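The analysis underlying the following values was restricted to heavy atoms, covering all of them including side chains, and did not include hydrogens, waters or symmetry mates. All chains are named by letter (A, B, ...) in the order of the sequence lines, taking the proteins before the strands, and each is independently numbered beginning at 1. Everything numeric here is computed off the predicted structure, so don't read it as measured data.
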Number of protein chains: 2
Amino acid sequence: MGQPLYQKVIDTIVARIGAGELLAGGMLPSETQLAAEIGVSQGTARKALMMLEQHGIVRREQGRGTFVTARTPESSLFNFFRLREDDGTIIRPELIEEKIIQRPASDTERKTLFEKPESVYEIRRIRSLKGAASTIETAVLPAPLFAGIERRAPLPSALYILYQQNYGCIVLRADESIKAIAAGPDEARALKVEEGAPLLRVERLAYDILGRPIERRRSIYRTDQLNYKVTLD
Amino acid sequence: MGQPLYQKVIDTIVARIGAGELLAGGMLPSETQLAAEIGVSQGTARKALMMLEQHGIVRREQGRGTFVTARTPESSLFNFFRLREDDGTIIRPELIEEKIIQRPASDTERKTLFEKPESVYEIRRIRSLKGAASTIETAVLPAPLFAGIERRAPLPSALYILYQQNYGCIVLRADESIKAIAAGPDEARALKVEEGAPLLRVERLAYDILGRPIERRRSIYRTDQLNYKVTLD
DNA sequence: GAGTGGTCTAGACCACTTT
DNA sequence: AAGTGGTCTAGACCACTCC
């Protein structure tokens, strides 16, 4: 028994979710059923389910059951959209421009994205917060995994929900690297600031439930009236 | 039994750590001893210890025992010092200037810091990374909790280790709010950049093991050659 | 060999939700 | 009442560390 039994249970469930057998929001078998199916004790199945819950992959509710995590617009906004008012209030961004193209992958894109794709989709969007254009987002996706996404335009405001519902990719984690930059001519025009004005640049690599890097995203924010909030632990 | 038994175990241990009965790095009683002491089964004590481990409060090692988390310079640097080279390499900051003063608390400081202190310590430090001055840090601490800290100057590079070893405050979590700002005259002079150059400003509120807000910190970074890295989940 | 945490089992009882 | 997850127990065996 090279690996713990509960790991086998976890792998089984994650595989079923990845394969689409268990849909987001759907209910899992109960602890007892799962235990019988996989041939472990109820306590072991329970441990696996609790670990999946801690990784945010399932949600458990006493008396109701265990469900595959479904990112709602709310939770998605809350988890991965980090801009807040100075007092901490969450902001609802409005989409004011969107452009989707397919193009060959750059070297770093091919190296960092899942399956080393030759071709990628690039989604460029400008958002307005509180009436003024304040963010430029460029998301880059491996084309094989997101085939036909350009025909779904206009895309919903929260891309991660689209990824989940239409491509089975549940985004659970993202690494970000943040810099302050001076606005170039393009950014200045799009965000209506002077050239050289300080802007926040966030580069993100997002991973799905199977740990696959499925999206590179570069966001440029005006933070004169806003904050980018994170928690460290 | 309003609350679960394992919670009682957790509270007991956290209280002992907070009271200094269990020192950072010290070994806890074994599962069996703890269970007998508090009057629960070994499995319940075990659950409590596992939860404490997940919160980063203790570290467990098979065959050796359970130990109170001691932040080493390494781990502290890794967890709360977020500046990295563009390629992700960690940076070792050098201290080049330090000033500690005691002064009355501002309104927001009194409101947000533990015990609503009338008086605070302010630690202002400038660090150089890769030879060039690149960060200005201002930490504000409630004076009652950190009495006499000004006499410990010069302070170690990693303040959180000092807080732990000398004041029993183990920092486990911090909320940050990040902005891009234009360098003012003071920042420009200290960091040797032009006025108006883009800088990263990070405002942090750090909480200790008991959930007490014990430090406000404002850091200003040059990010022309560096990145601020975070992980979302 | 003694002591520690890591895994696993089998079963009990409780609290909650649904029908 | 039936089914779910939440708590708790008691005990077994294993892997690892230290003496």
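Inspection of the B:Y207 and B:E215 side chains reveals no N or O donor paired with an N or O acceptor under 3.5 Å. Looking at A:T66 and A:R59, their side chains never bring a donor and an acceptor atom within 3.5 Å of each other. Neither side chain, A:T138 nor A:R124, offers a donor N or O lying under 3.5 Å from an acceptor on the other. For B:R127 and B:S157, the side-chain atoms include at least one donor-acceptor pair closer than 3.5 Å.
Set against C:dT9, D:dG5, D:dT9, the side chain of B:L5 has D:dT9 as its closest nucleotide. The side chain of A:P4 lies closest to C:dT7, out of C:dT7, C:dT4, D:dT4. When distances are taken from the side chain of B:Y6 to each of D:dG5, C:dT7, D:dC8, the shortest belongs to D:dC8. Relative to the side chain of B:K47, the nucleotides D:dT7, C:dT7, C:dG5 differ in distance, and D:dT7 lies closest.
With B:Y163 as the aromatic partner, B:R217 does not meet the cation-pi criteria of under 6.0 angstrom to the ring centre and within 45 degrees of the ring axis. Geometric assessment of A:R82 against the ring of A:Y228 yields a negative cation-pi assignment under the 6.0 Å and 45° thresholds.
Heavy atoms of A:T32 sit nowhere under 4.0 angstrom from any nucleic acid atom.
Along DNA chain D, the nucleotide nearest A:R46 and the nucleotide nearest A:G65 are compared for position; the residue whose nucleotide lies closer to the 5' end is A:G65. Nearer the 5' end of DNA chain C, as judged by each residue's closest nucleotide, is the contact made by B:E61, out of A:V40 and B:E61.
Proximity of B:T44 to the phosphate of D:dT7: no side-chain N or O atom is located under 4.0 Å from OP1 or OP2. Contact annotation: B:R60 side-chain N/O to C:dG6 OP1/OP2 distance is under 4.0 Å. For B:T66 and C:dT4, the shortest distance from a side-chain N or O to OP1 or OP2 is not below 4.0 Å.
Considering only heavy atoms from C-beta on, A:M50 comes within 4.5 Å of A:R60 through its side chain.
Summarising the geometry, the separation between CD on B:E31 and P on C:dT7 is reported as 11 Å, rounded to the nearest angstrom. Going from atom CD of B:Q42 over to atom P of C:dG3 covers 15 Å, rounded to whole Å. In this structure, A:M51 places its CE atom 11 Å from P of C:dC8, rounding to the nearest Å. Atom-to-atom, CE of A:M50 to P of C:dT7 comes out at 12 Å; the value is rounded to the nearest Å. Across the protein-nucleic acid pair, B:K8 atom NZ and D:dT7 atom C1' stand 14 Å apart, rounded to whole Å. Between B:L28 atom CG and C:dG3 atom P there is a gap of 19 Å when expressed in whole angstrom units. A straight line from CG of B:L34 to P of D:dT9 spans 13 Å, rounded to a whole angstrom. With rounding to whole Å, B:I10 atom CD1 is found 10 Å from D:dT7 atom P.
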If a protein heavy atom is under 4.0 Å from the base, mark B; if only from the sugar-phosphate, S; if neither, -; do that for nucleotides 14-19 of chain D going 5' to 3'. -BBBS-
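Of the possible polar contacts, none joining the B:Q165 side chain to the B:L162 backbone as a donor-acceptor pair under 3.5 Å is found.
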